[in-house]
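Have a look at this one before I ask anything.
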Amino acid sequence: MSLFENTYDVIVVGGGHAGSEAAAAAANMGSKTLLVTMNLQNIAQMSCNPAMGGIAKGQIVREIDALGGYSGIVSDTSAIQFKMLNKSKGPAMWSPRVQSDRMRFAEDWRLLLEQTPNLDFYQEMVNGLLLEGDKVVGVTTSLGIEIKAKTVVLTNGTFLNGLIHIGEKNFGGGRAGERAATGITEQLVALGFDSGRMKTGTPPRVDGRSLDFSKMIEQPGDEFPEKFSYSDITKPLKEQRSCHMTYTNLEVHDLLRDGFERSPMFNGRIKSIGPRYCPSIEDKINRFADKERHQLFVEPEGWNTVEVYVNGFSTSLPEDVQFKALRSVAGFENVKFFRPGYAIEYDYFPPTQLKHTLETKLVDGLYFAGQINGTTGYEEAASQGLMAGINASLKVQERDPFTLKRNEAYIGVLIDDLITKGTEEPYRMFTSRAEYRTLLRQDNADLRLTPKGYELGLAKVERLKRMEEKRDKAAEFVQFFKETSVLPEEANPILESKNSSPMKQSDKMFKIFSRPNIGIEDVRKFNAVEAYISEHDLDTEVIEQTEIQVKYSGYIAKEKNNADKLNRLEDVKIPHDFDYSLIKSMSFEAREKLRAIQPTSISQASRISGVSPNDISVLLVYMGR
C-alpha cells in the first residue's frame with residue numbers, strides 16, 4: 001500500500017501566493033486537488049514586504065476577489081492599515097493597499113485552505129515530473145514517491161536552484177532559512193524548455209523597540225478605510241497601526257559606497273537581472289548619484305510583533321555595511337537587526353513558452369504560475385495561480401478554457417504581456433501597462449468579473465446577487481440624473497461656491513454633475529438627490545459607482561469603442577499549425593517571432609515586438625481577409 005494510490009485531478013507544486021490561489025480555485029471548482037510544498041508551516045508566506053495591493057496591484061487583488069479567489073478576503077482579515085492610493089487623480093488610478101499582519105496573513109490563508117473541500121496537503125520537495133510522451137501524468141518527490149495526476153501546476157517561486165547572496169557570502173536557499181529546490185529545471189531543459197536566471201532582493205528586518213519614531217514622519221491609514229473584498233464576509237478596519245517615513249542621507253550613501261567592492265551586484269557574483277522598479281539601495285545610490293536622500297518606509301510586521309520591515313532599503317551588501325549605514329539614518333541610531341537584507345537568484349522560464357491559459361506549449365497538462373514565469377509581486381503571482389488553477393480544473397472537466405482579454409482585466413493584460421512579449425527582467429504590473437485603464441478600475445472589478453466567476457463555479461450566488469444589485473441601483477441612479485431637472489435658483493448658489501458658471505434656465509442634473517469641479521457632495525445638496533438616496537437606501541459603493549459613471553461617461557464610451565475594434569481582430573483566429581515561412585513578403589524578424597510565439601489571433605500577433613503593422617496587413621491578406 002502506498003501513500004498515494006488515487007490519481008489527483010490537479011497537483012499544485014509550491015504553497016506561496018500562486019500555489020495557494022491555484023489550489024483553492026481547482027478544489028472549489030470540484031477537482032480533487034493536492035497541494036505539495038516543502039514546508040506546510042510557510043503556506044502563503046509574505047517573503048518580502050508585509051503589504052498587499054498598491055498601484056495596479058490593488059486592482060489585481062480586487063479582480064481575484066471578484067472571480068472568487070481568496071487574496072482579497074485574507075488581505076482584509078489580516079490588515080493593520082488601509083489606504084486608497086492616488087485619490088487626488090481620476091478613479092482609473094485609485095489603488096487600494098493594506099499593510100498586513102505577516103503572521104496572521106499566512107495563518108488565515110492556511111485555515112481557509114484547510115476548510116476547502118477536495119483539497120489535500122503533503123509536505124515534501126517535488127524534484128521531477130512524471131511524463132507519458134508529451135503529457136504530464138504526475139510528480140516525483142525527493143523520497144522517490146510517485147504521485148499521479150491529470151494536470152500539474154508549478155508555482156516554485158524563488159526556490160528553483162535558489163542562491164542567496166549577502167556580501168561576499170552565498171549559499172543555496174529559496175528564502176531565508178529554507179533550502180532551494182533542485183531537479184525540476186534540469187528536467188524541463190532536457191525536455192526542450194528555455195530557462196533563465198532572475199534576481200530579487202529584500203531589506204533588513206529590525207527591532208522596533210530600538211527605533212526612535214519621534215524622528216520620523218507618521219504615515220497613518222485612511223480616516224474612513226475601505227476594504228478589498230466585495231463579499232460581506234469581511235469588514236473595514238475600526239482601528240489601524242501607523243507606518244513611518246524617514247530618509248537616507250549623504251553619510252549613509254558614503255558608508256554604503258565603501259562596501260561596493262564587496263557587493264555581489266558590483267563584483268560580478270550576481271549575473272542576473274533584478275526588478276527595475278524596486279531597485280536595491282546600492283543600485284539607487286549608484287544610478288541616482290545626484291540625489292542627496294531616498295525615502296525609507298518603516299512598516300510594522302503586525303499588530304503585536306516588534307519586528308519592523310525597512311521598505312526602500314533592499315540590499316545584498318555585507319551585513320556589517322548594512323548595519324553601519326542604517327545606524328546613520330534618522331531614528332535608526334540604536335537599531336538592532338532581526339536579520340540582514342539579502343539578494344536571491346533563481347531559475348525562471350521565459351513565459352512565451354505558454355498559452356493564454358498558462359499551460360505550457362511543450363507539455364500537455366503542465367501549467368506555470370508566479371515567479372517561475374518571470375513576474376515579481378504577491379499580487380501578480382496570486383492572479384496567475386488563480387488562472388492556472390481554473391484552467392487545470394477546466395481541462396480535467398473537459399470544459400472550454402478560461403482566458404481574460406486586455407479590456408476585461410489587469411489579469412488579462414498581465415498574462416497577455418507575458419506570453420506575447422516575454423520578459424527579461426522581473427515583470428511588475430503598472431496602470432500604464434493597461435491601455436483600457438478607465439474600464440479596468442478597482443471599483444468595478446465585481447461588475448466585470450463576478451458573472452464569469454459565477455459561471456466557473458467559483459463565485460457564490462450571494463456574490464452575484466450583490467453585484468447585480470449594485471449594478472442595477474447605480475444604473476437607475478444615473479438614469480435619475482439624466483431625467484431629473486433642477487432650477488437655477490436651487491443650483492446657482494452651489495455652482496457659484498465652486499466657481500462654476502451659473503445656469504440661466506432649468507437643466508438636467510446629469511449635465512451639472514458632469515462639470516469637472518462638481519462632485520457628489522455638491523449635487524447631494526439638491527433636495528431631490530438626497531431624497532432619492534434615502535428612499536432607495538443607497539450605500540457608499542453605489543453612490544461612488546454612479547459618480548464615476550456620470551463624470552467619466554465620455555472616456556468610458558471611447559475606451560469601450562476602441563476595445564470593440566481591437567476585439568474584432570481578436571476574433572480573427574490563426575490556425576495552430578500556420579506556416580509563416582510561406583509568407584515571403586513578410587519581414588524575416590516577424591516570421592521568426594511569429595513562429596516562436598505562435599499567436600492564436602491577429603490581435604495577439606499585432607502586439608508582438610518586432611511585428612510591424614505592415615506585417616499584419618500581409619498576414620491578413622494571406623489569410624484571405
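We're numbering straight along the sequence, starting at 1.
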Do the side chain of Lys460 and the main chain of Gly457 share a donor and acceptor less than 3.5 angstrom apart?
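Side chain of Lys460 to backbone of Gly457, a donor-acceptor pair under 3.5 Å: no, none is there.
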
Rounded distance (nearest 0.5 Å) linking atom OH of Tyr622 with atom CG of Asp579
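Between atom OH of Tyr622 and atom CG of Asp579 there are 7.5 Å.
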
Verify the distance criterion only: is there a donor paired with an acceptor across the side chains of Glu380 and Thr376 at less than 3.5 Å?
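No, because no side-chain N or O of Glu380 sits under 3.5 Å from a partner of the opposite role on Thr376.
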
Is the shortest side-chain heavy-atom distance between Thr360 and Phe349 below 4.5 Å?
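Side-chain contact under 4.5 Å: no.
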
Is atom CG of Asn6 surrounded by more than 12 heavy atoms (other residues, nucleotides or ligands) closer than 6.0 Å?
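For Asn6, atom CG is not crowded (no more than 12 foreign heavy atoms under 6.0 Å).
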
Which atom pair, heavy atoms only, marks the closest approach of Ile270 to Ser316?
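Closest approach of Ile270 to Ser316, heavy atoms only: CD1-OG, 4.3 Å.
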
Verify side-chain hydrogen bond (donor to acceptor under 3.5 Å, both in side chains) between Asp65 and Ser229, making sure each step is shown before the conclusion.
CA-CA 6 Å; Asp65 183 75; Ser229 183; 2.8 Å; yes

Within a 6.0 Å radius of atom CD on Gln187, are there more than 12 heavy atoms belonging to other residues, nucleotides or ligands?
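More than 12 within 6.0 Å, yes.
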
Measure the spacing between CG of Leu113 and CD of Glu21 and express it to the nearest 0.5 Å.
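If we round to the nearest 0.5 Å, Leu113:CG and Glu21:CD are 8.5 Å apart.
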
Arg62 charged N/C atom sitting above Tyr230 aromatic ring, 6.0 Å / 45°:
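Relative to the ring axis of Tyr230, which defines the angle, Arg62 lies inside both limits.
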
Is there a side-chain hydrogen bond (donor to acceptor under 3.5 Å, both in side chains) between Thr420 and Arg607? Walk through the geometry before answering.
CA-CA 7 Å; Thr420 302; Arg607 293 190 292 274; 5.0 Å; no

Can a cation-pi geometry be assigned to Arg433 and Tyr427, taking NZ or CZ under 6.0 Å from the six-membered ring centre and within 45° of the ring axis?
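Because its charged atom sits under 6.0 Å from the ring centre and within 45° of the axis, Arg433 does stack over Tyr427.
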
Residues Asp416, Lys405: salt bridge by 4.0 Å N-O rule:
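No, this pair does not count.
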
Could you measure the distance from the CG atom of Asp615 to the CD atom of Glu589? Nearest 0.5 Å is fine.
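Spacing of CG (Asp615) from CD (Glu589) equals 8.5 Å.
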
Nearest atoms (heavy-atom pairs only) where Ile43 meets Ser20
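Ile43 and Ser20 have their closest heavy atoms at CG2-OG, 3.8 Å.
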
Using side-chain heavy atoms (C-beta onward) and a distance below 4.5 Å, is Ile602 in contact with Ile574?
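Yes, side chains in contact.
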
Would a distance-only check, ignoring hydrogens and angles, find a side-chain to backbone donor-acceptor pair under 3.5 Å from Asp194 to Pro350?
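Side chain of Asp194 to backbone of Pro350, a donor-acceptor pair under 3.5 Å: no, none is there.
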
Any side-chain heavy atom of Tyr346 within less than 4.5 Å of one from Thr200?
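SC-SC contact between Tyr346 and Thr200 confirmed.
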
Mark yes or no for whether Asn444, through its side chain, and Leu439, through its backbone, hold a donor-acceptor pair below 3.5 Å.
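Yes; at least one donor-acceptor contact below 3.5 Å.
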
Which atom of Phe105 lies closest to which atom of Ser75, heavy atoms considered
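For Phe105 and Ser75, the tightest heavy-atom pair comes out as CE1-OG, 4.1 Å.
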
Any donor-acceptor pair under 3.5 Å from Thr141 side chain to Val139 backbone
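No; judged by distance alone, with no hydrogens or angles, the pair does not exist.
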
Side chain to side chain contact (heavy atoms under 4.5 Å, CB included) with Asn407: which of Val413, Asn567, Asn562?
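Passing option: Asn567.
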
Without swapping roles, check the side chain of Arg441 against the backbone of Pro91 for a donor-acceptor pair under 3.5 Å.
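Not confirmed, Arg441 side chain does not pair with Pro91 backbone.
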
Please evaluate residues Asp120 and Lys32 with respect to the criterion salt bridge (charged side-chain N to carboxylate O under 4.0 Å, His left out), reporting the C-alpha separation (whole Å), side-chain torsions for both, the decisive distance (0.1 Å), and the verdict.
CA-CA 8 Å; Asp120 291 344; Lys32 190 70 185 146; 3.6 Å; yes

Under the criterion ring-ring contact (aromatic ring centres under 6.0 Å, His included), I'd like the reasoning laid out for Phe193 against Phe368: C-alpha separation, chi angles, the key distance, then a yes or no.
CA-CA 12 Å; Phe193 283 90; Phe368 290 174; 5.7 Å; yes

Check for a donor-acceptor pair, side chain of Arg591 on one end and backbone N or O of Tyr580 on the other, with a separation under 3.5 Å.
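Checking the backbone N and O of Tyr580 against the side chain of Arg591, no donor-acceptor pair under 3.5 Å is found.
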
Taking NZ, NE, NH1 and NH2 as the nitrogens, is one of them in Arg463 or Asp446 under 4.0 Å from a carboxylate oxygen of the other?
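Looking at Arg463 and Asp446, the cut-off is not met.
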
With Thr403, which of Thr357, Ile415, Ile390 fulfils side chain to side chain contact (heavy atoms under 4.5 Å, CB included)?
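Result for side chain to side chain contact (heavy atoms under 4.5 Å, CB included) with Thr403: Thr357.
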
Side chain proximity check, Thr182 to Met125, heavy atoms < 4.5 angstrom
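Side chain of Thr182 against side chain of Met125, heavy atoms only: contact under 4.5 Å found.
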
Which pair of non-hydrogen atoms, one from Met29 and one from Gln397, has the smallest distance, and what is that distance?
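In terms of heavy atoms, the two residues are closest at O-NE2, 2.8 Å.
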
Quick one: are Asn391 and Glu359 in side-chain contact, heavy atoms under 4.5 Å?
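They are not in side-chain contact.
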
Would you say Met429 and Glu379 make side-chain contact, with heavy atoms under 4.5 Å?
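Met429 vs Glu379: side chains apart.
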
Look at Asp9 together with Lys150 and state whether they make a salt bridge at an N to O cut-off of under 4.0 Å.
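So Asp9 pairs with Lys150 through a salt bridge.
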
Taking C-beta and beyond as the side chain, do Ser31 and Asn118 meet within less than 4.5 Å on heavy atoms?
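No, side chains not in contact.
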
Counting only heavy atoms from other residues, nucleotides and ligands, does the tally under 6.0 Å from OH of Tyr122 exceed 12?
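Yes, because the 6.0 Å sphere around OH of Tyr122 holds more than 12 heavy atoms from other groups.
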
With the side chain counted from C-beta on, respond yes when Leu131 and Leu191 share a heavy-atom pair under 4.5 Å apart, and no when they do not.
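Touching, per the 4.5 Å side-chain cut-off.
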
Does atom CZ of Phe430 have more than 12 heavy-atom neighbours, drawn from other residues, nucleotides or ligands, at distances under 6.0 Å?
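Above 12, so yes.
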
Are the side chain of Lys452 and the backbone N or O of Ala66 linked by a donor-acceptor pair below 3.5 Å?
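Not a single qualifying donor-acceptor pair exists.
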
Donor-acceptor pair, side chain of Glu408 and main chain of Leu404, under 3.5 angstrom
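Flag not set: sc Glu408 to bb Leu404 has no pair under 3.5 Å.
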
Assess whether side-chain hydrogen bond (donor to acceptor under 3.5 Å, both in side chains) is satisfied between Ser142 and Glu124, documenting all intermediate values.
CA-CA 7 Å; Ser142 53; Glu124 213 200 314; 2.9 Å; yes

Audit row: Phe578, Gln598, side-chain contact (heavy atoms from CB on, under 4.5 Å) steps and yes/no
CA-CA 8 Å; Phe578 193 86; Gln598 291 290 316; 5.6 Å; no

From Thr37 OG1 over to Asn42 CG, what is the distance, rounded to the nearest 0.5 angstrom?
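Going from OG1 on Thr37 over to CG on Asn42, the span is 7.5 Å.
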
Look at the side chain of Gln59 and the backbone N and O of Ala56, then say whether any donor-acceptor pair between them is shorter than 3.5 Å.
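Indeed, once roles are kept as given, a pair shorter than 3.5 Å links the two residues.
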
Can you give me the closest heavy-atom contact between Thr33 and Ala27, atom names plus distance?
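That closest heavy-atom pairing would be OG1-N, 3.4 Å.
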
Between CD on residue Gln604 and NZ on residue Lys421, distance to nearest 0.5 Å
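Interatomic distance, Gln604 CD to Lys421 NZ, rounded to 0.5 Å: 11.0 Å.
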
Full working for side-chain contact (heavy atoms from CB on, under 4.5 Å) between Tyr70 and Thr116:
CA-CA 11 Å; Tyr70 286 162; Thr116 304; 3.7 Å; yes

Atom NZ of Lys135: over 12 foreign heavy atoms under 6.0 Å
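Result for NZ/Lys135: enclosed.
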
Quick one: do Glu592 and Arg595 make a salt bridge, cutoff under 4.0 Å?
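Here Glu592 pairs with Arg595 in a salt bridge, since their nearest N and O are under 4.0 Å apart.
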
When you look at Gln371 and Thr158, which way does the side-chain hydrogen bond (donor to acceptor under 3.5 Å, both in side chains) test go after all the steps?
CA-CA 7 Å; Gln371 282 174 288; Thr158 58; 5.0 Å; no

Which pair of non-hydrogen atoms, one from Ala26 and one from Val10, has the smallest distance, and what is that distance?
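In this case the closest contact between Ala26 and Val10 is CB-CG2, 4.0 Å.
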
Is Glu63 reaching over with its side chain to a backbone N or O of Ile411, donor-acceptor style, under 3.5 angstrom?
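Side chain of Glu63 to backbone of Ile411: a pair is present.
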
Would Asn561 and Lys558 count as a side-chain contact (heavy atoms from CB on, under 4.5 Å) here? Give the steps.
CA-CA 5 Å; Asn561 187 34; Lys558 189 178 173 186; 5.7 Å; no

Distance from Asp347 atom CG to Thr185 atom OG1, nearest 0.5 Å?
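Here the rounded value is 3.5 Å.
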
